[in-house]
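Encoded as structure tokens, the structure appears first; notes follow it.
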Amino acid sequence: MKKLLIATLLVMLSGATSLFAQSQGDMYVGTLAGVNVSKSSWKDSNGTKHENDPQTILLVAPGFHYFVADNFRVGLQFELSETMSKNKDTDVKHRDGIFAVGGVFAYYFQISDNFYITPEFGMYFVHENDKTKYSNTTVSDKANGFSMPINVAQVEFRPTDHLGFSASILSFRINHMKPKDGNDKYNHFEFDTCLNPVIGFKYYF
């Protein structure tokens, strides 16, 4: 009887360990959220110090994801971000709104029970709306392009069968944009660490 009880407990523990594994057929809806406030300064060749305008960046990114195989998921991701800054001397206000949509791919490496490292790669279409307000005049510029985000170090914790939480620790992004007016093109490189994390909230079903 004692051996049977121990065997039963081992089976139950084994089942509990695999209960929240990222298995083929799993799916979830969720959103990413991030807030970044930054201020930078620089010196010219004469040693004069200049300060850039403080920036506030807000990010919300809802999406739907599906595990096509064990530990491998694909998803449709949206991104809405807003960058705001204001020059305290001239009262010039700047707002840069971005809408992006695209596909993402991630693989799950299990570190311990319900805890994973999940490197992720994406490819998005991006629309950017840039507005600068000078007193009573507003100048608007628009651009379209592509973005390639890569989360090198992203972690996820899934404490229950329905809830998951993630955080991006190390990521970078390459943007290639073309303004609506004119023939100019430009590239933009972004690099984020755990000092400016993006937090994810997920509901599995």
Side-chain angles (χ1 to χ4, degrees), residues 22-36 38 55-84 95-111 116-131 140-158 164-205:
Q22 317 297 355
S23 304
Q24 181 178 4
D26 280 0
M27 62 186 76
Y28 72 79
V29 292
T31 185
L32 302 174
V35 179
N36 182 11
S38 65
Q55 284 190 335
T56 301
I57 303 174
L58 306 176
L59 169 69
V60 177
F64 172 79
H65 298 255
Y66 181 80
F67 285 81
V68 295
D70 291 351
N71 301 318
F72 180 70
R73 68 169 165 83
V74 299
L76 176 65
Q77 191 75 35
F78 297 85
E79 282 191 5
L80 298 170
S81 69
E82 190 85 11
T83 301
M84 297 164 285
R95 299 178 71 95
D96 185 16
I98 292 179
F99 168 77
V101 58
V104 296
F105 312 88
Y107 192 85
Y108 281 61
F109 297 93
Q110 187 168 10
I111 303 303
Y116 305 83
I117 292 180
T118 62
E120 183 177 87
F121 169 82
M123 179 64 74
Y124 297 165
F125 165 79
V126 181
H127 174 73
E128 182 176 7
N129 189 357
D130 189 18
K131 293 183 179 180
S140 179
D141 295 305
K142 296 181 180 180
N144 295 318
F146 296 93
S147 176
M148 186 175 66
I150 301 177
N151 286 323
V152 180
Q154 182 174 243
V155 296
E156 180 173 332
F157 177 61
R158 189 175 172 185
F165 305 94
S166 66
S168 176
I169 298 175
L170 177 64
S171 66
F172 60 90
R173 178 189 298 256
I174 300 172
N175 298 326
H176 178 74
M177 304 296 295
K178 182 180 186 302
K180 185 176 180 181
D181 299 323
N183 297 318
D184 294 337
K185 298 178 182 179
Y186 62 90
N187 296 313
H188 182 221
F189 179 79
E190 300 175 10
F191 179 79
D192 289 312
T193 67
C194 57
L195 298 177
N196 299 309
V198 174
I199 306 300
F201 307 91
K202 305 174 181 181
Y203 181 80
Y204 285 83
F205 57 92

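Since we're looking at a predicted model, the values are computed, not measured. Just so it is clear, the values below take in all heavy atoms, side chains as well, and ignore hydrogens, waters and symmetry mates.
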- [ ] Check R158, K202, R73 against D26 for a salt bridge (Lys or Arg N to Asp or Glu O under 4.0 Å) and give me the one that passes.
- [x]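 That would be R158.
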Within this structure, what is the [atom1]-[atom2] distance for the pair [X] and [Y], rounded to the nearest 0.5 Å?
X: F64; Y: Q77; atom1: CZ; atom2: CD; result: 12.0 Å
X: L170; Y: I150; atom1: CG; atom2: CD1; result: 11.0 Å
X: F105; Y: F121; atom1: CZ; atom2: CZ; result: 7.5 Å
X: S168; Y: I199; atom1: OG; atom2: CD1; result: 8.5 Å
X: D141; Y: K180; atom1: CG; atom2: NZ; result: 11.0 Å

For [X] and [Y], which heavy atoms make the closest approach, and how far apart are they?
X: P179; Y: A143; result: CA-CB, 3.7 Å
X: F201; Y: A33; result: CE1-CB, 4.5 Å
X: V152; Y: P119; result: O-CB, 3.8 Å
X: G200; Y: L32; result: CA-CD2, 3.6 Å
X: Y124; Y: G103; result: CE2-O, 4.0 Å
X: Y204; Y: Y108; result: OH-OH, 3.9 Å

Can you check whether [X] reaches [Y] side chain to side chain, under 4.5 Å on heavy atoms?
X: E79; Y: I98; value: no
X: Y116; Y: Q154; value: no
X: N129; Y: F99; value: no
X: L58; Y: M84; value: yes

Open item on the list: Aromatic contact between Y107 and F109, with the criterion being ring centroids under 6.0 Å apart: yes or no?
Closed with: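 Yes - the distance between ring centres of Y107 and F109 falls below the 6.0 Å cut-off.
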Open item on the list: Are there over 12 heavy-atom neighbours, none belonging to K185, within less than 6.0 Å of that residue's NZ?
Closed with: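 12 or below, so no.
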TODO: Describe, in one word, how the ring planes of Y28 and H65 are oriented to each other, choosing from parallel (under 30°), tilted (30 to 60°) and perpendicular (over 60°).
DONE: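 Ring orientation of Y28 relative to H65: parallel.
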Is the backbone of [Y] close enough, under 3.5 Å, to the side chain of [X] for a donor and an acceptor to pair up by distance?
X: D130; Y: D96; answer: no
X: E156; Y: G164; answer: no
X: E128; Y: K142; answer: no

